[in-house]
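Values in this document were obtained by computation on a predicted structure and should not be read as measured data. Order of listing sets the numbers, starting from 1, for every ligand and every atom in it.
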Amino acid sequence: MPGYELFGAQERKEVNDVLETGILMRYGFDGPRKGIWKAKELEQEICNTFGAGYTQLISSGTAALTTAMAALGIGAGDEVIMPTFTFVASFEAVLSVGAIPVPVDIDETLTMNPTAVEQAITPRTKAVMPVHMCGSMAQLDELKAICTKHKLLLLEDACQAIGASYKGKHVGTIGDAGTFSFDFVKIITCAEGGAVLTNKEEVYAKCDQYTDHGHDHKGKDRGADLHPYLGYNYRISELHAAVGLAQIRRLAEFLQLQRRNHSIIYNKLKDIEGVTFRVIPDPAGDTGSFLSFFLPTEEMTREAIAGLVAAGIGGNFYWYDNNWHYIRKWQHLQSGSWMHRFHEEQKKQVLHYTNQAFPVSDAIMSRCISSSISLLWDEAQAADRGAQIADVLRKVLAGGVVAG
Ligand SMILES: *Cc1c(COP(=O)(O)O)cnc(C)c1O
């Protein structure tokens, strides 16, 4: 899964370019920076690689979501429909602009169920935010049709799916805007960073301003820039952008390794009776960063997880028990444990929506295991791992207890 596994000479070279000049900031200092503009270069490279009209680099994926929402005009009291299975950043970003996260059920794609989305629409709904979880993609045709029909914004959280595509287009470029994260465990990393991709010039211009205190970047120097809107500081540094630049040039290599190892492991598990696999809306566009599968019952799934741990096979995620990725454990959100006061109306609505029961999502997530795929395994190691996982699953399915 993560680009950090292959950090090396290319990354060091790009960082050294910046260290040579000492200009660590992405704006200004035109003379001393001697033509080194890593953030600008990376933005161009992202546009070229993914076919996006415009890209704004940002200090994190979470800040990218916040920025995209602000630039799209999502704000106080607006409802944003999101899946029950995602990273906490999704609702954090919605809350940060004063909007209301409205969680809806997922299906066996592990992404939001379009029917559940349509049922959750109210007069206050402003946007639908699919999350392309674990390297694969949401059902974008269906979601796009719903957004068009109801005049809603489509904001893709593609933070975990850099390089995934859907029917020939890269995820993140299909909605009104899309976001990437380059945090340390993502498909490509720059330590901490993110991006908003969009084909709309106005959305891009607002992202550019929002992330730099409102600067319109049109003055003869920073002091002379105008500030048409309020903004914040979510800038990326040149050092971070430099690492990202080296990594994006290696994305094709990372994806090829991931997909190869993914298919080797899939082939070891595919014929086990009782194991079913995550539905991938466009299998050719999967990044292969995880192999996600289901067992028939929660009990068997728990036995399998225990069995994998007992056998010393790491990197298998049971999101149902994870504190960060599934609504069942978001008690801080559901109890309103916020450090600062929220507007009463916002708080009431958030508590209302996030305290619903989600038996359909529970039934899926409680039977799901996601096995992460390393870039470092050679073919024999991947095959060996696949065989070991298969062995544990077969024992569990045969009713044998594999771990105390
Ligand atoms: C990682 C992630 C984010 C946030 O990215 P950061 O760069 O860590 O802030 C947002 N959404 C999803 C689905 C993620 O996995």
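- Looking only at heavy atoms of the protein, atom 4 (C) of ligand 1 is closest to T62 OG1, 3.4 Å.
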- Hey, mind stepping through K329 and N322 against side-chain contact (heavy atoms from CB on, under 4.5 Å) and telling me if it holds? CA-CA 7 Å; K329 296 282 190 153; N322 184 294; over 6 Å; no

- Message: Is there a side-chain contact (heavy atoms from CB on, under 4.5 Å) between I373 and L257? Walk through the geometry before answering.
- Response: CA-CA 9 Å; I373 306 294; L257 286 170; over 6 Å; no

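- By the 30° and 60° cut-offs, the orientation of the rings of F182 relative to F180 is perpendicular.
- Looking from atom 2 (C) of ligand 1 to the surrounding protein, the closest heavy atom is K186 NZ, 3.0 Å.
- Comparing G61, S90, A191, A89 against atom 10 (C) of ligand 1, the shortest heavy-atom distance belongs to A89.
- Listed by number with element, the atoms of ligand 1 under 4.0 angstrom from any heavy atom of S181 are 1 (C), 5 (O), 6 (P), 7 (O), 8 (O).
- Ring geometry, W319 versus F290: the interplanar angle exceeds 60°, so the pair is classed perpendicular (tilted spans 30 to 60°).
- E14 places no side-chain N or O within donor-acceptor distance of the main-chain N or O of L245, the cut-off being under 3.5 Å.
- The protein heavy atom nearest to atom 8 (O) of ligand 1 is D183 OD2, 2.6 Å.
- Listed by number with element, the atoms of ligand 1 under 4.0 angstrom from any heavy atom of S60 are 7 (O), 9 (O).
- When heavy-atom distances to ligand 1 are checked against a 4.0 Å cut-off, V131 comes that close only through its side chain, counted from C-beta outward.
- Residue F87 has at least one heavy-atom neighbour below 4.0 Å for each of these atoms of ligand 1: 2 (C), 3 (C), 12 (C), 13 (C), 14 (C), 15 (O).
- Note on R250 versus E253: salt bridge recorded, some NZ/NE/NH1/NH2 to OD/OE distance being below 4.0 Å.
- In terms of polar-atom proximity, defined here as any N/O pair under 3.5 Å, Q160 does make such a contact with ligand 1.
- Close approach of ligand 1 to C159 is summarised as follows: ligand atoms under 4.0 Å from at least one heavy atom of the residue are 2 (C), 3 (C), 10 (C), 11 (N), 12 (C), 14 (C).
- Interatomic distance, CZ of F85 versus CE of M112, reported as 13.5 Å (0.5 Å rounding).
- Between E5 and L375, the closest heavy-atom pair is OE1-N, 2.8 Å.
- With hydrogens left out, the protein atom closest to atom 11 (N) of ligand 1 is D157 OD2, 2.8 Å, a heavy atom.
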